[in-house]
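A short write-up of the structure that comes next.
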Amino acid sequence: MFLSTQLLKLAAPSNLFRQRYNACSKIFFATFYSTSAKFKLMEVGLFENPRAENYQTGQLFLHKIFGYRGVILFPWTANVFDKNDDISAETTYDSKIANEELDRSGPPERNKARKLTYYQVLIDNRDIPFIKAQPESVTFLGGPQSNRSVYSIHGLDYVSHNDVLPYTSADKIPIVHELFEKFLMIDSESKPGFIARESLKSWQESNHPWLELSDVCIKTTNNIRVTVIPFYIGEDQRKKLYWWRYSIRIENLSNEPVTLRERHWRIFSQAGTFETVRGKGVVGQEPFLNMDSPVFQYSSHVNLQAPSGHMWGTFKMEREDGSTFEVRIPSFYLECKDEDKQGSQ
């Protein structure tokens with residue numbers, strides 16, 4: 001039940017969406033696909049005007065990029081490192097070496113970052129199969145320190161304030177997710193219509209170390225924008241390893257179709273080790289990014305034998321004529337939480 005993105009693309013050339021948004025009491029229509037590959041329009045709620053101030057817990061929204069329905073649980077304040085200027089092709093050896101050395105030195109200082117609100121959200125399970133990205137989940141190491149295992153919570157995502165399209169719904173359970181009723185309850189007097197249960201507050205507090213979003217790193221090369229968000233997920237003391245998850249979004253900002261063919265990672269550890277990793281595509285795929293499907297998102301994991309380090313790298317992209325170019329993955333911090341740092345000393 002993938003919604004909105006196709007409708008927005010169909011409507012945009014004729015300004016139909018703009019007219020629908022400004023008229024008809026802002027009625028919002030979602031796009032649903034059947035097994036016969038046909039679609040129908042179905043009313044799911046009323047659009048609201050996007051706003052500059054933070055949204056509240058319980059706010060229903062449509063994701064501006066991926067088109068899924070979701071609900072906001074709580075906000076995070078992120079440090080955003082955004083290389084706004086598009087890096088042109090590295091035509092000389094010196095320019096390539098200069099950029100490599102800049103990445104090797106690590107991410108910029110946090111006092112140079114701008115602040116932006118991101119939200120922890122639940123994704124509607126009905127829409128997950130149709131999101132053209134790897135379904136998001138939060139992973140963390142749980143259990144006793146002597147034998148920790150990886151746990152996963154599916155259908156959770158982190159959404160930029162700028163990607164929220166708010167709407168309201170008369171449905172008592174507008175989002176299908178096993179945690180919706182556990183975390184939220186109806187409140188007719190509140191503006192979003194839903195408020196947090198005590199279970200959400202205690203869940204946020206107990207899982208804060210694995211949920212917290214701190215840094216968002218962005219870099220654009222030849223109209224390909226790469227966004228990286230790293231998360232610390234815990235220490236495996238038995239194996240003496242620190243683990244991180246990182247989420248990557250790749251966006252084609254041009255009209256020219258490209259295919260991601262290779263990845264090349266550089267990983268530096270505080271212990272002084274340096275590792276390079278090369279491979280075909282990402283997570284077993286070679287994403288094709290064009291005007292109809294310009295965005296791909298996925299998550300992966302990395303471990304270090306030290307409590308901190310940083311990563312950076314490149315993607316090799318191929319144009320339709322067979323020519324290739326490199327896209328830079330911004331350097332980002334790998335840092336463990338203070339409690340694990342103290343425990344390792």
Side-chain angles (χ1 to χ4, degrees), residues 50-57 59 61-66 68 70 72-87 99 102-121 123 133-134 136 138 156-166 204 208-233 244-253 265-268 289 294-300 302 308-315 327-338:
R51 54 179 183 264
E53 63 272 18
N54 284 356
Y55 295 102
Q56 301 298 312
T57 295
Q59 175 66 61
F61 72 94
L62 188 76
H63 196 292
K64 186 177 180 180
I65 303 296
F66 295 118
Y68 63 71
I72 289 173
L73 297 181
F74 43 80
W76 298 106
T77 300
N79 300 302
V80 179
F81 305 94
D82 190 352
K83 183 71 173 178
N84 289 315
D85 52 314
D86 191 337
I87 303 172
N99 282 327
L102 185 62
D103 288 330
R104 182 187 289 269
S105 65
E109 297 178 6
R110 285 199 172 92
N111 58 13
K112 297 180 180 178
R114 63 183 175 91
K115 304 294 184 181
L116 181 64
T117 298
Y118 274 69
Y119 300 98
Q120 191 89 63
V121 308
I123 303 174
Q134 180 178 321
E136 277 298 304
V138 169
L156 285 175
D157 201 0
Y158 294 83
V159 179
S160 162
H161 183 87
N162 299 330
D163 287 339
V164 171
L165 295 176
Q204 179 186 6
H208 183 276
W210 332 119
L211 297 173
E212 183 181 14
L213 182 154
S214 175
D215 297 335
V216 177
C217 301
I218 306 170
K219 184 171 285 189
T220 304
T221 314
N222 289 327
N223 287 314
I224 306 296
R225 181 165 59 207
V226 179
T227 302
V228 185
I229 306 178
F231 301 90
Y232 178 65
I233 65 173
W244 291 264
R245 176 176 71 92
Y246 54 91
S247 175
I248 294 188
R249 181 192 294 185
I250 308 161
E251 300 173 75
N252 184 357
L253 306 179
W265 282 107
R266 289 84 156 172
I267 307 168
F268 178 78
L289 306 178
V295 184
F296 183 81
Q297 182 169 299
Y298 73 97
S299 292
S300 191
V302 64
S308 66
H310 65 274
M311 291 176 63
W312 71 99
T314 55
F315 292 130
V327 169
R328 292 201 160 270
I329 306 169
S331 179
F332 57 95
Y333 293 107
L334 299 173
E335 295 180 330
C336 78
K337 301 299 179 182
D338 290 340

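Residues F296 and L289 meet the side-chain proximity criterion, which asks for heavy atoms closer than 4.5 Å. Contact annotation: the side chain of Y232 approaches that of W210 to within less than 4.5 Å [non-hydrogen atoms, C-beta and beyond]. For the pair E251 and T227, the minimum side-chain heavy-atom distance is below 4.5 Å. Side-chain contact between V164 and P50: absent, with no pair of heavy atoms (C-beta onward) separated by less than 4.5 Å. No side-chain heavy atom of V216 sits less than 4.5 Å from a side-chain heavy atom of L116. Counting heavy atoms from C-beta on, the side chains of Y118 and I229 come closer than 4.5 Å. Side-chain contact between N79 and S214: present, with at least one pair of heavy atoms (C-beta onward) separated by less than 4.5 Å. Contact check for L211 versus F74: side-chain heavy atoms found under the 4.5 Å cut-off.
I218 CD1 to F332 CZ: the interatomic distance, rounded to the nearest 0.5 Å, is 13.5 Å. Expressed to the nearest 0.5 Å, how far OG of S331 lies from NZ of K219 amounts to 7.5 Å. Note that CD1 of I224 and CD1 of I329 are 12.5 Å apart. Values are rounded to the nearest 0.5 Å. The CD1 atom of I267 sits 8.0 Å away from the CG atom of L334 when rounded to the nearest 0.5 Å. The CD1 atom of I233 sits 8.0 Å away from the CZ atom of R245 when rounded to the nearest 0.5 Å. In this structure, CG in L213 is found 8.5 Å from CD in Q120, a value given to the nearest 0.5 Å.
With hydrogens and angles left out, the side-chain atoms of W76 and E212 include no donor and acceptor closer than 3.5 Å.
At least one donor-acceptor pair closer than 3.5 Å links the side chain of H161 to the backbone N or O of R51. Within the 3.5 Å criterion, the main-chain N or O of R328 finds a donor-acceptor partner in the side chain of T221.
Between C336 and W244, the shortest heavy-atom distance links the atoms N-CZ2, 3.8 Å. Closest heavy-atom contact between C217 and P330: O-CG, 3.5 Å. In this structure, K64 and N162 approach most closely via the heavy-atom pair CD-O, 3.6 Å. Of all the heavy atoms in Q297 and D157, the pair that sits closest is NE2-OD1, 4.0 Å.
Within 6.0 Å of CD on Q204 lie more than 12 heavy atoms contributed by other residues, nucleotides or ligands.
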Requested in this report: Take N222 and V327, measure what side-chain contact (heavy atoms from CB on, under 4.5 Å) needs, and give me the verdict at the end.
Outcome: CA-CA 7 Å; N222 289 327; V327 169; 5.7 Å; no

Query raised in the report: Going through the checks in order, is the side-chain contact (heavy atoms from CB on, under 4.5 Å) test met by R249 and I65?
Result: CA-CA 11 Å; R249 181 192 294 185; I65 303 296; 3.8 Å; yes

Query - Intermediate values then yes/no, ring pair (Phe, Tyr, Trp, His ring centres under 6.0 Å), W265 and Y246 - result: CA-CA 13 Å; W265 282 107; Y246 54 91; 5.4 Å; yes

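Using cut-offs of 30° and 60° on the angle between ring planes, the pair F61 and Y68 is perpendicular.
Ring centers of Y158 and F231: under 6.0 Å apart, within the cut-off.
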